[in-house]
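Reading through the structure tokens given below for one structure.
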Amino acid sequence: MKDLFAAERPAVDVIRDGVVLLPAFAGSGGLLRRIEALLRACPLRHMTTPGGKRIQVAMSNCGEYGWISSPSGYRYSRLDPLTGKPWPAMPETFRVLARQAAARAGFGGFAPDACLINRYATGTGLSPHRDLDEADKLWPIVSVSLGLAAVFMLYGDRRGGSPQLIELHDGDVLVFGGPARLAYHGVKKLAPGRHPLTGPYRFNLTFRRAR
Ligand code: MD6
Ligand code: FE
């Protein structure tokens with residue numbers, strides 16, 4: 001029998017084997033205040049691709065390792081090339097959130113050592129790619145969406161064809177692992193809009209086990 005008091009959106013939505021959406025799993029207010037403090041210590045910047053293009057999404061990191069892109073390639077680094085210092089520590093609340101989300105999706109024991117902080121302005125997106133720089137692809141990636149909504153494009157093991165489209169709203173957590181861990185994916189250009197907490201921006205945290 002259907003639960004009379006079921007929430008409007010389900011607590012767990014299996015998108016495909018290995019990809020699990022946890023709608024409104026994260027409380028965004030506290031996370032955004034933490035992000036603000038992290039970005040004061042370690043500012044957002046537009047990195048350059050190995051092909052020499054400027055990445056539209058502004059990025060920073062926290063945790064033991066940070067993901068960086070430069071003309072010499074993509075990699076994880078213990079030091080921020082901008083400051084020469086280690087990245088800010090990953091807040092305990094972030095670790096716990098990532099661990100709990102992964103567990104909820106069936107990946108127990110996830111202990112992220114890297115958190116990439118992405119900021120999208122309206123009109124910007126992320127072109128299809130695969131996340132290949134982590135040592136052990138058996139761990140999932142836990143992705144937290146904050147602020148303005150976006151449309152996530154999920155392909156298969158090739159970037160062609162029409163992607164599965166997943167709307168990601170403020171507080172939604174997407175766990176990305178298992179047989180889908182190496183799938184191509186991207187983010188559509190953000191539609192114009194304003195969010196009460198982030199104005200014209202979407203933030204995204206991706207928690208990874210880099211090493
Ligand atoms: C984003 N996310 O949602 C970009 N990658 O803004 C990603 O590129 C991503 O969400 C790997 C796993 C989950 C993700
Ligand atoms: Fe990705």
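When a residue number appears, it is its place in the shown sequence, counting from 1. Predicted, not measured: the structure shown is a model, and the values here were computed from it. Atoms within a ligand are numbered from 1 in the order they appear, just like the ligands themselves.
- Checked for salt-bridge contact, Asp80 and Arg45 meet the test: a charged N lies under 4.0 Å from a carboxylate O.
- Using a 3.5 Å distance cut-off with no hydrogens or angles, the side chains of Tyr76 and Arg208 do pair a donor with an acceptor.
- Residues that satisfy the side-chain contact (heavy atoms from CB on, under 4.5 Å) test with Glu92, not counting sequence neighbours, are Arg95, Val96.
- In the model, Ser28 has a side-chain atom that pairs as donor or acceptor with a side-chain atom of Asp170 under 3.5 Å.
- At a cut-off of 3.5 Å, with distance as the only test, no side-chain donor of Thr206 or Asn118 sits close to an acceptor on the other residue.
- Taking the ring axis of Tyr65 as reference, the NZ or CZ atom of Arg211 stays within 45° of it and closer than 6.0 Å to the ring centre.
- With sequence neighbours left out, the side-chain contact (heavy atoms from CB on, under 4.5 Å) criterion links Arg159 to Pro128, Tyr184.
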Close N/O pairs between ligand 1 and protein, under 3.5 Å:
{"unit_1": "ligand 1", "atom_1": "3 (O)", "unit_2": "Arg202", "atom_2": "NH2", "d": "3.1"}
{"unit_1": "ligand 1", "atom_1": "3 (O)", "unit_2": "Asn204", "atom_2": "ND2", "d": "3.4"}
{"unit_1": "ligand 1", "atom_1": "5 (N)", "unit_2": "Asp131", "atom_2": "OD1", "d": "3.3"}
{"unit_1": "ligand 1", "atom_1": "5 (N)", "unit_2": "His185", "atom_2": "NE2", "d": "2.8"}
{"unit_1": "ligand 1", "atom_1": "6 (O)", "unit_2": "Tyr120", "atom_2": "OH", "d": "2.4"}
{"unit_1": "ligand 1", "atom_1": "6 (O)", "unit_2": "Arg202", "atom_2": "NH1", "d": "2.7"}
{"unit_1": "ligand 1", "atom_1": "6 (O)", "unit_2": "Asn204", "atom_2": "OD1", "d": "3.4"}
{"unit_1": "ligand 1", "atom_1": "8 (O)", "unit_2": "His129", "atom_2": "NE2", "d": "3.1"}
{"unit_1": "ligand 1", "atom_1": "8 (O)", "unit_2": "His185", "atom_2": "NE2", "d": "3.2"}
{"unit_1": "ligand 1", "atom_1": "10 (O)", "unit_2": "Ser143", "atom_2": "OG", "d": "2.9"}

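- Protein N/O/S atoms closer than 2.8 Å to the Fe ion (ligand 2): His129 NE2, Asp131 OD1, His185 NE2.
- The minimum heavy-atom distance between Asp133 and Trp67, with the atom names listed, is OD2-NE1, 2.8 Å.
- Looking at Ser145 and Arg202, their side chains do bring a donor and an acceptor atom within 3.5 Å of each other.
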